[in-house]
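Just so it is clear: chains get the letters A, B, ... in the order the sequence lines come, proteins before strands, and each one is counted from 1.
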Number of protein chains: 2
Amino acid sequence: MGEAQAKHDVFQAIADPTRRQLLKLLAGKEMPVTVISSHFPMSRTAVSKHLRVLSEAGLVKERRVGRENRYSLDPQPLQEIKEWYAYFERFWENKMAALQFFVEADRSDDPV
Amino acid sequence: MGEAQAKHDVFQAIADPTRRQLLKLLAGKEMPVTVISSHFPMSRTAVSKHLRVLSEAGLVKERRVGRENRYSLDPQPLQEIKEWYAYFERFWENKMAALQFFVEADRSDDPV
DNA sequence: ATTATATACAACCGTTTGGTTTCATATCAA
DNA sequence: TTGATATGAAACCAAACGGTTGTATATAAT
């Protein structure tokens, strides 16, 4: 049935700076939790919980190899971010034209 | 000088669905708090607090007109989002090529 | 002057978040 | 088998979050 999990929102998943670092770290690489957590100034458990959030947002994949759990980036859900802000792009592409136009058009300026 | 406020992170600001709605509502328009809050199923105060967060992230501008406070979108800080995920774009542009390559290269598969 | 409107600000509250420490379990090495 | 390693899970905690109600203040309308 195609569509992955949505238990955690992508926007919320990338809101945390540690999780954004995790995504960069795992881009194109695959590493187990202990190696990953050695890059962060917090406990392994804390990193593991961040990985869980990313996983629930579909942003990382887990692969069990022996006793270790290897994580890697799955960038696909980031498309949602792209599509979201694409909507706003037209508002700065010609900021000095279109935006001003809209604002002026709506401006009545008589307080009430 | 120059650089605006950073009291609130852009990533965190857009993490909340209500705030994302607010941004869409204010895109190209300018409206006072009461009108804005009429679009939401929560108190005016709650909406006002969301607007504050957006303002601290630089995503909306406030303009006082008489007794009302008119808000409008300032899309500029969204550039940061664009730049951020641009980094990841190369990981899905040729997902079946580059990503596979990296993963395979790093894969040792001997547990320990 | 009085009243109504638009808004901010402060205090409060339950839930979520990001972290910790401790314990349990599965796998690998001796 | 015994011990080390990799990890998850549970309980706990302080702080932040998203909301509420109540109060104060400035502006506008009568």
Side-chain angles (χ1 to χ4, degrees), chain A residues 6-23 25-26 29-57 59-72 106-112, chain B residues 6-23 25-26 29-57 59-72 106-112:
Chain A
K7 200 180 166 189
H8 261 280
D9 190 89
V10 182
F11 288 92
Q12 198 208 316
I14 66 166
D16 185 88
T18 300
R19 288 197 287 267
R20 290 199 297 277
Q21 274 186 252
L22 277 167
L23 292 181
L25 182 63
L26 294 174
K29 304 189 197 84
E30 191 198 39
M31 25 176 99
V33 179
T34 307
V35 174
I36 296 171
S37 74
S38 72
H39 291 78
F40 295 86
M42 64 190 71
S43 74
R44 177 187 50 75
T45 308
V47 172
S48 207
K49 286 210 278 185
H50 281 302
L51 288 167
R52 167 65 53 92
V53 173
L54 291 174
S55 177
E56 281 168 353
L59 284 164
V60 296
K61 283 179 304 189
E62 315 180 39
R63 187 170 67 100
R64 199 80 201 218
V65 176
R67 56 183 158 179
E68 52 187 26
N69 199 359
R70 301 189 184 171
Y71 285 87
S72 59
D106 248 69
R107 191 179 281 180
S108 31
D109 257 322
D110 353 68
V112 95
Chain B
K7 201 180 166 191
H8 261 279
D9 190 85
V10 183
F11 288 92
Q12 199 208 315
I14 66 167
D16 185 87
T18 300
R19 288 197 287 268
R20 290 199 298 276
Q21 273 186 253
L22 277 167
L23 293 181
L25 182 63
L26 294 174
K29 304 190 196 84
E30 191 198 38
M31 25 175 100
V33 180
T34 308
V35 174
I36 295 171
S37 75
S38 73
H39 291 78
F40 294 86
M42 64 190 71
S43 74
R44 178 187 48 73
T45 306
V47 172
S48 207
K49 287 211 277 187
H50 281 302
L51 287 168
R52 168 66 54 91
V53 173
L54 291 173
S55 177
E56 281 167 352
L59 285 163
V60 297
K61 285 179 303 189
E62 316 179 41
R63 187 171 67 100
R64 200 81 201 214
V65 177
R67 57 183 156 178
E68 51 185 29
N69 200 358
R70 301 189 184 171
Y71 285 87
S72 59
D106 247 68
R107 191 179 281 179
S108 29
D109 257 324
D110 354 69
V112 92

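Heavy-atom neighbours of R20(A) CZ from other residues, nucleotides or ligands within 6.0 Å: above the threshold of 12.
Put simply, the side chain of R67(B) and the base of dT5(C) share a donor and an acceptor less than 3.5 Å apart.
The side chain of R19(B) contributes an N or O atom lying less than 4.0 Å from OP1 or OP2 of dG18(D). For dT7(D), the OP1/OP2 oxygens have no side-chain nitrogen or oxygen of S48(A) closer than 4.0 Å. Distances shorter than 4.0 Å separate none of the side-chain N or O atoms of S43(B) from OP1 or OP2 on dT21(D). Not one side-chain nitrogen or oxygen of H50(B) sits closer than 4.0 Å to the OP1 or OP2 atom of dC17(D). Side-chain nitrogen and oxygen atoms of R52(A) include at least one within less than 4.0 Å of the OP1 or OP2 phosphate oxygen of dA9(D).
Using a 4.0 Å heavy-atom criterion, one finds that Y71(A) contacts the sugar-phosphate atoms exclusively.
In this structure, the CZ atom of R44(B) is 15 Å from the P atom of dG19(D), given to the nearest Å. Per the geometry, CG belonging to L51(B) stands 13 Å off P belonging to dC9(C), to the nearest Å. Rounded to a whole Å, the CG atom of D16(A) is 18 Å from the P atom of dT16(C). A straight line from CE of M42(B) to P of dC17(D) spans 16 Å, rounded to a whole angstrom. Distance CE (M31(A)) to P (dA6(D)): 15 Å, rounded to an integer number of Å. Across the protein-nucleic acid pair, R70(A) atom CZ and dT27(C) atom P stand 15 Å apart, rounded to whole Å. One can place CG of D9(A) at 15 Å from C1' of dT17(C), the figure rounded to the nearest angstrom. Rounding to whole angstrom units, CZ of residue F40(B) and C1' of dG18(D) are separated by 14 Å.
To the nearest 0.5 angstrom, H50(A) atom NE2 is 11.5 Å from T45(A) atom OG1.
Out of dT20(C), dT7(D), dG19(D), the shortest distance to the side chain of A46(A) is found at dT20(C). Ranking dT7(D), dT20(D), dT17(C) by closeness to the Q12(A) side chain, first place goes to dT17(C). When each of dG19(C), dT7(C), dA6(D) is scored by its nearest atom to the side-chain atoms of E68(B), the top-ranked nucleotide is dT7(C). Comparing dG18(D), dG8(D), dT7(C) against the side chain of N69(A) picks out dG8(D) as the nearest. Candidate nucleotides dC9(C), dT7(C), dG8(D) were compared by shortest atom distance to the side chain of E62(A), and dG8(D) ranks first. Distances from the side chain of T45(B) to the nucleotides dG18(D), dA10(C), dA6(C) place dA10(C) closest.
Salt-bridge annotation for R64(B) and E62(B): absent, with no side-chain N of the basic residue lying under 4.0 Å from a carboxylate O of the acidic one. E30(A) and R63(A) are joined by a salt bridge, as a carboxylate oxygen and a charged side-chain nitrogen come within less than 4.0 angstrom of each other.
Under the 3.5 Å distance criterion, the side-chain polar atoms of R19(A) are matched with a main-chain donor or acceptor of A13(A).
Looking at heavy atoms from C-beta onward, L25(A) lies in side-chain contact with M31(A) at the 4.5 angstrom threshold.
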